[in-house]
Amino acid sequence: MTVAENILILTGAGISAESGLGTFRDKDGLWSRYDLNEVATPEGFARNPALVHEFYNARRENCRQAQPNAAHRALARLQTEHAGKVTIVTQNIDDLHERAGARNVIHMHGQINRALCAACNHRWDAPAEMSPADTCPACGANTTRPDIVWFGEIPYFMEEIMSELSRADLFVSIGTSRNVYPAAGFVAEARAHGAHTLELNLEPSEGASRFDARRLGPASKIVPAWVAELLGRPL
Ligand code: APR
C-alpha cells in the first residue's frame, strides 16, 4: 500500500480505556451502571438536571485525573510527522488527544470541559462542577448545560467530517464498537470514496467485515506499532 496522503482517524472510548476512563458497552461499562435515558438525553436533562450535572461532574473529574496513553501520543506524532493530512475525529468527550499534543481534534459528540447555554448558544470553558443554578455568562439565563451531544441530538461538525471523509485515502477506526450512528457509518462513506479502511480495536466491532484490514489488541500497543510502521521508523 502506498503511504496514504490523507488519513482520517475515528476514535472511540476504547482509545481512552487504558487511561482509566470507562467505555460504554464493555462489561461494567458506563451504560451498565447508568440509564443513558436519564443522563444522556435532553429529556433526561429536562426531568432531572441535577442528576445529569452530577453524572458529568464525575466524568469531568475522571478526565482531569486521567493521563493520555501511548495510543493518544502515537496519533499526535503521526499528525506531526506524516507528510499528508491527518484528521482526528473523536466520539470521546475527554481532552486526552489534545493533552497528548494532537491538533484540531474534531469532537463530534462535544467536550466535557465545555459548557453551553441552551438559550443563546454561548459556549465557554466549563467549571469543574456545574449545577442547575448556574447562569450563562453571556445572557444571564439559567439554561446552562454540558456542551455534550446527547442521544437524539445532531452530532457536531458533520459537514466538515463528511468532506474530510470524501478526501481520505485511508480511514482508521480505533476503539469504537460502532454501535452509534452517524460515526458507525463513516467506514462505508470512506469506502464509497475509494479509501482503504483499517480497524484497530480490542475485539472486532459491529460489522467489522466492512474493513479491508483489522488489527486486534489494546490500543496502547497496536496504535503505536501501526504508526511506527506507517512512518517507517520506531516511535
Ligand atoms: N484498546 C482498544 N479498544 C478497546 C480497548 C482498548 N484497551 N478497550 C475497549 N476497547 C473497544 C471495545 O472492544 C469496544 O469495541 O472499544 C470499544 C468501546 O465501545 P463503546 O463502549 O461502545 O464506546 P464507543 O464506541 O466510543 O461509543 C460510541 O456511544 O454512548 C455513546 O456518545 C457515546 O461516544 C459514545 C458512543
Side-chain angles (χ1 to χ4, degrees), residues 9-45 52 55-56 58-60 62-63 66-75 88-97 100 105-114 116 145-158 161 171-188 197-211 213-227:
I9 296 168
L10 170 70
T11 63
I15 198 169
S16 299
E18 291 162 270
S19 296
L21 296 184
T23 61
F24 294 95
R25 296 172 184 83
D26 288 332
K27 198 174 64 54
D28 74 25
L30 277 167
W31 297 149
S32 68
R33 288 179 281 130
Y34 293 91
D35 175 353
L36 68 84
N37 293 300
E38 294 306 311
V39 294
T41 61
E43 297 77 13
F45 185 64
V52 175
F55 175 71
Y56 286 102
R59 295 188 64 201
R60 195 170 297 115
N62 292 347
C63 289
Q67 294 301 322
N69 64 56
H72 298 105
R73 289 194 295 274
L75 295 188
I88 298 174
V89 178
T90 188
Q91 299 172 91
N92 301 340
I93 58 175
D94 64 59
D95 60 351
L96 297 181
H97 280 301
V105 177
I106 298 176
H107 283 270
M108 64 182 289
H109 290 168
Q111 299 179 72
I112 190 69
N113 292 327
R114 297 287 283 169
L116 167 67
R145 54 173 277 184
D147 187 15
I148 307 271
V149 177
W150 285 325
F151 287 96
E153 296 185 323
I154 313 285
Y156 293 158
F157 309 113
M158 283 308 294
I161 293 171
F171 172 77
V172 188
S173 177
I174 303 176
T176 177
S177 64
R178 296 184 51 252
N179 266 292
V180 174
Y181 282 82
F186 289 173
V187 59
T197 58
L198 168 66
E199 179 170 73
L200 305 178
N201 212 49
L202 193 60
E203 61 209 11
S205 66
E206 297 288 318
S209 55
R210 288 173 176 270
F211 288 87
R214 182 186 323 127
R215 299 184 186 189
L216 297 180
S220 67
K221 300 277 176 298
I222 63 175
V223 175
W226 167 69
V227 169

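Here the structure is a predicted model, which is why all the values come from computation and not from measurement. Whatever order the structure lists ligands and atoms in, that order sets their numbers, starting from 1. Any value given below was found using the heavy atoms of this structure, including those in side chains, with hydrogens, waters and symmetry copies removed.
- Of all the atoms in ligand 1, the ones that sit under 4.0 Å from a non-hydrogen atom of Trp31 are 30 (O).
- Looking at atom 11 (C) of ligand 1, its nearest protein heavy atom turns out to be Asn201 OD1, 3.6 Å.
- Atom 9 (C) of ligand 1 has as its closest protein heavy atom Asp26 OD2, 3.1 Å.
- Summarising the geometry of Gly12 relative to Thr176, their closest heavy-atom pair is CA-CB, 3.9 Å, with the distance given to 0.1 Å.
- Less than 4.0 angstrom separates some heavy atom of Gly12 from each of these atoms of ligand 1: 26 (O).
- Closest to atom 25 (O) of ligand 1 among all protein heavy atoms lies Thr176 OG1, 2.7 Å.
- When Ala40, Ala208, Ala17, Ser205 are ranked by how near their heavy atoms come to atom 8 (N) of ligand 1, first place goes to Ala17.
- Any N or O atom pair closer than 3.5 Å counts here, and Val180 shares no such pair with ligand 1.
- Atoms of ligand 1 found under 4.0 Å from any heavy atom of Glu18 (numbered from 1 in listed order, with element): 1 (N), 6 (C), 7 (N).
- Considering all non-hydrogen atoms of both residues, Cys63 and Asp94 come closest at SG-CB, 3.6 Å.
- A salt bridge is absent between Glu203 and Arg178: the closest approach of a Lys/Arg side-chain nitrogen to an acidic carboxylate oxygen does not fall below 4.0 angstrom.
- Heavy-atom contacts from other residues, nucleotides or ligands closer than 6.0 Å to CZ of Arg114 number more than 12.
- Comparing Gln91, Met108, Glu206, Arg25 by heavy-atom distance to atom 29 (O) of ligand 1, the nearest is Arg25.
- Every atom of ligand 1 with a heavy atom of Phe151 under 4.0 Å away is listed here by number and element: 30 (O), 31 (C).
- In this structure, Pro218 is part of the shell of residues with a heavy atom less than 4.0 angstrom from ligand 1.
- Counting only heavy atoms of the protein, atom 10 (N) of ligand 1 lies nearest to Gly14 CA, 3.6 Å.
- The closest side-chain donor-acceptor pair between Thr11 and Gln91, if any, does not fall under 3.5 angstrom.
- For ligand 1, the atoms closer than 4.0 angstrom to any heavy atom of Glu203 are 13 (O).
- No donor-acceptor contact under 3.5 angstrom links the side chains of Ser16 and His97, judged on distance only.
- Side-chain contact annotation: Glu206 with Ser177, donor-acceptor N/O pair under 3.5 Å absent.
- The nearest protein atom to atom 35 (C) of ligand 1, hydrogens excluded, is given as Phe24 CE1, 3.5 Å; this is a heavy-atom distance.
- Protein heavy atom at the shortest distance from atom 34 (O) of ligand 1 is His109 ND1, 2.9 Å.
- Residue Pro224 comes nearest to Ala70 through the heavy atom pair CG-O, 3.7 Å, listed as atom of the first residue, atom of the second, then distance.
- Between Gln67 and Ser19, the side chains place no donor N or O within less than 3.5 Å of an acceptor N or O (distance only, hydrogens not considered).
- Side-chain atoms of Asp147 and Tyr56 form no donor-acceptor pair, as typed in the model, at a separation below 3.5 Å.
- Pairing each heavy atom of Asn92 with each of His107, the nearest pair is O-ND1, 2.9 Å.
- Here the protein heavy atom with the shortest distance to atom 3 (N) of ligand 1 is Leu202 N, 3.2 Å.
- Below 3.5 Å of separation, one finds an N or O of Ala219 facing an N or O of ligand 1.
- Here the heavy atom of the protein found nearest to atom 26 (O) of ligand 1 is Ala13 N, 2.8 Å.
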How far apart are the C-alpha atoms of Met108 and Ile161, what are their side-chain angles, what is the distance that settles it, and do they pass the side-chain contact (heavy atoms from CB on, under 4.5 Å) test? CA-CA 9 Å; Met108 64 182 289; Ile161 293 171; 3.9 Å; yes

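- Between Leu96 and Leu21 there is a side-chain heavy-atom pair separated by less than 4.5 Å.
- In this structure, Gly175 counts as a contact residue of ligand 1, since one of its heavy atoms falls inside 4.0 Å of the ligand.
- Relative to atom 19 (O) of ligand 1, the option among Ser220, Ala71, Ser177 with the closest non-hydrogen atom is Ser177.
- At a 4.0 Å cut-off, at least one heavy atom of Gly217 sits close enough to ligand 1 to count as contact.
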